[in-house]
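Note that the numbering runs from 1 along the sequence shown for the chain.
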Amino acid sequence: MNQMIIIGSGPAGYTAAIYAARAGLAPLVIASSVEVGGELMNTTEVENFPGFPEGIMGPELMEKMQAQAERFDATVIYEDVTSVDLSGEVKKVTLGSGEVHEALSVIVATGSAYRKLGIEHEDRLSGYGISWCATCDGAFFRKHEIAVVGGGDSAMEEANFLTRFADKVYLIHRRDTFRASKIMQDRSKENPKIEILYNSEVSAIHGDTQLSGLTLRDTLTGEERELEVTGLFVAIGNDPRVHLFHGQLDLTVEGTIAVDGRSSKTNLEGVFAAGDVIDPTYRQAVTAAASGTVAALDAEHYLASLPEALLQQATGAVDEGSAPASGSTLDPDGELVSLSDARS
């Protein structure tokens, strides 16, 4: 049995693993067999993550986070979770292989998935002109003509933000009215760099190694026309990955996992959540990483409150007379305590 299982391997999951491993909790990170590293694996250069003044490629950043977690003895496995039982003191996590892992605490860091258009070449050109994050990639489109797809506040925010860099931003919406708030609509309509294309949808994406244009279809007449753009930002929403936890963890009205205030504590004892799966607003790598820190510290404090007999059932528990785990020490009564400041 493990002291801690972390489900997810994005910035939140790996940061939680770094903190937990430094505290001697020997976390098991279940990283997925397909989506290891989270959404940053689909991003090219990341310029806004602190500590990398020259920028860093998204996959490289995630590789470094994983290596840092493994340096402190976190274990990473490339499996998919098919079901969880989070009730009781001992949590059970079942993998696609049928293997069941048990732990005294679980951190859910499953992230969220951007909704896609579902059009041919969309995945192939992801990172090569197609993006789901204006704040991540907008600066790469200076003086370009680009497009944003969507009709909500997120699409309006992205379109306005992108006018800081692009010469022209087409805002493509399949209807003749927006669901965005009036103030966001007004900003977009008044921005001279934004041209709104109503009753339009993207029917085809063009480009060999880089996006070169789109085919738009009129949703009323079916008529098609070409639009030459070098960037396409898809802002049609995102869905937190919570399907494994329905009926066990409370959700918010936005569909994210509900936590207590600024903590990572869910409605179940010993279960914590971090990153985009609890964040419907910011969804940035740095905020996810910070959230992972909170989850690791909350989980560490929870584990410290458990009976010693239960702790000693878990892998990595300190046996009487043995040396404390790296990042931890023993208090005068022989109890395992963190040097958590292992936070620095």
Worksheet, complete the sentence: Which of E226, E224, R225, E201 passes side chain to side chain donor-acceptor pair (under 3.5 Å) with T215? It is E226
Practice prompt. Please go through V100's hydrophobic cluster and name the other residues, only I, L, V, M, F, W, Y counting, with side-chain heavy atoms under 4.5 Å joining them.
Written response: none
When rounded to the nearest 0.5 angstrom, what is the spacing between [atom1] in [X] and [atom2] in [Y]?
{"X": "Y302", "Y": "K265", "atom1": "OH", "atom2": "NZ", "answer": "11.5 Å"}
{"X": "L86", "Y": "E269", "atom1": "CG", "atom2": "CD", "answer": "12.5 Å"}
{"X": "I6", "Y": "I107", "atom1": "CD1", "atom2": "CD1", "answer": "4.5 Å"}
{"X": "L125", "Y": "I119", "atom1": "CG", "atom2": "CD1", "answer": "11.5 Å"}
{"X": "C136", "Y": "F233", "atom1": "SG", "atom2": "CZ", "answer": "9.0 Å"}
{"X": "H173", "Y": "S188", "atom1": "NE2", "atom2": "OG", "answer": "11.5 Å"}

Between side-chain atoms of residues 54-66 and protein atoms elsewhere (two or more places apart, or another chain), which donor-acceptor pairs fall under 3.5 Å?
unit_1 : atom_1 : unit_2 : atom_2 : d
Q66    : OE1    : Y14    : OH     : 2.9
Q66    : NE2    : E70    : OE2    : 3.3
Q66    : NE2    : Y78    : OH     : 2.6

Closest approach of [X] to [Y] (non-hydrogen atoms, all atoms of both residues):
{"X": "A20", "Y": "P27", "result": "CB-CG, 3.9 Å"}
{"X": "A17", "Y": "A74", "result": "CB-CB, 4.3 Å"}
{"X": "S105", "Y": "L303", "result": "OG-CD1, 3.8 Å"}
{"X": "S291", "Y": "A274", "result": "OG-CA, 3.2 Å"}
{"X": "I130", "Y": "H121", "result": "CD1-O, 4.3 Å"}
{"X": "L171", "Y": "G150", "result": "CD1-O, 3.9 Å"}

If you count heavy atoms of other groups shown closer than 6.0 angstrom to [atom1] of [X], is the number above 12?
{"X": "R175", "atom1": "CZ", "result": "no"}
{"X": "K193", "atom1": "NZ", "result": "yes"}
{"X": "E145", "atom1": "CD", "result": "yes"}
{"X": "R115", "atom1": "CZ", "result": "yes"}

Taking side chain as C-beta onward, heavy atoms only, is [X] less than 4.5 Å from [Y]?
{"X": "D279", "Y": "T256", "answer": "no"}
{"X": "I5", "Y": "K91", "answer": "no"}
{"X": "V148", "Y": "I172", "answer": "no"}
{"X": "Q3", "Y": "L311", "answer": "yes"}
{"X": "V286", "Y": "P50", "answer": "yes"}
{"X": "D80", "Y": "L95", "answer": "no"}
{"X": "V229", "Y": "K168", "answer": "no"}

[X] side chain vs [Y] backbone, donor-acceptor pair below 3.5 Å:
{"X": "T15", "Y": "T293", "value": "no"}
{"X": "S83", "Y": "T94", "value": "no"}
{"X": "E122", "Y": "L117", "value": "yes"}
{"X": "T266", "Y": "V271", "value": "yes"}
{"X": "D153", "Y": "S181", "value": "yes"}
{"X": "R241", "Y": "A109", "value": "no"}
{"X": "R187", "Y": "E157", "value": "no"}
{"X": "Q248", "Y": "V84", "value": "yes"}
{"X": "N199", "Y": "D176", "value": "yes"}
{"X": "Q284", "Y": "Y282", "value": "yes"}

Item to complete: Anything under 30° is parallel, anything over 60° is perpendicular, the rest tilted; go ahead and classify W132 against Y114.
Response: parallel
Practice prompt. Just say parallel, tilted or perpendicular for the rings of F49 and F52, cut-offs at 30° and 60°.
Written response: tilted
Side-chain heavy atoms under 4.5 angstrom apart, residues restricted to Ile, Leu, Val, Met, Phe, Trp, Tyr: same cluster for [X] and [Y]?
{"X": "I77", "Y": "V108", "result": "yes"}
{"X": "V169", "Y": "F178", "result": "yes"}
{"X": "I257", "Y": "M4", "result": "no"}
{"X": "Y170", "Y": "I236", "result": "yes"}
{"X": "I146", "Y": "I196", "result": "yes"}

Worksheet entry | Working for side-chain contact (heavy atoms from CB on, under 4.5 Å), residues T110 and V242 | CA-CA 8 Å; T110 46; V242 296; 5.5 Å; no
Fill in: L28 and V93: CA distance, side-chain angles, deciding distance, side-chain contact (heavy atoms from CB on, under 4.5 Å) verdict
CA-CA 11 Å; L28 173 65; V93 177; over 6 Å; no
Item to complete: Give the C-alpha distance, both sets of side-chain angles, the deciding distance and a yes or no for side-chain contact (heavy atoms from CB on, under 4.5 Å) between V76 and S9.
Response: CA-CA 9 Å; V76 179; S9 57; 5.9 Å; no
Worksheet item: D123 and K116: side-chain contact (heavy atoms from CB on, under 4.5 Å), yes or no, with the steps?
Response: CA-CA 9 Å; D123 289 335; K116 296 183 178 181; 2.7 Å; yes
Discussion item. Set out, in order, the CA-CA distance, both residues' side-chain angles and the distance that settles side-chain hydrogen bond (donor to acceptor under 3.5 Å, both in side chains) for T252 and E254, then state yes or no.
Written reply: CA-CA 5 Å; T252 67; E254 292 92 353; 3.1 Å; yes
Worksheet item: Tell me the ring pair (Phe, Tyr, Trp, His ring centres under 6.0 Å) pairs involving residues 245-267, sequence neighbours left out?
Response: none
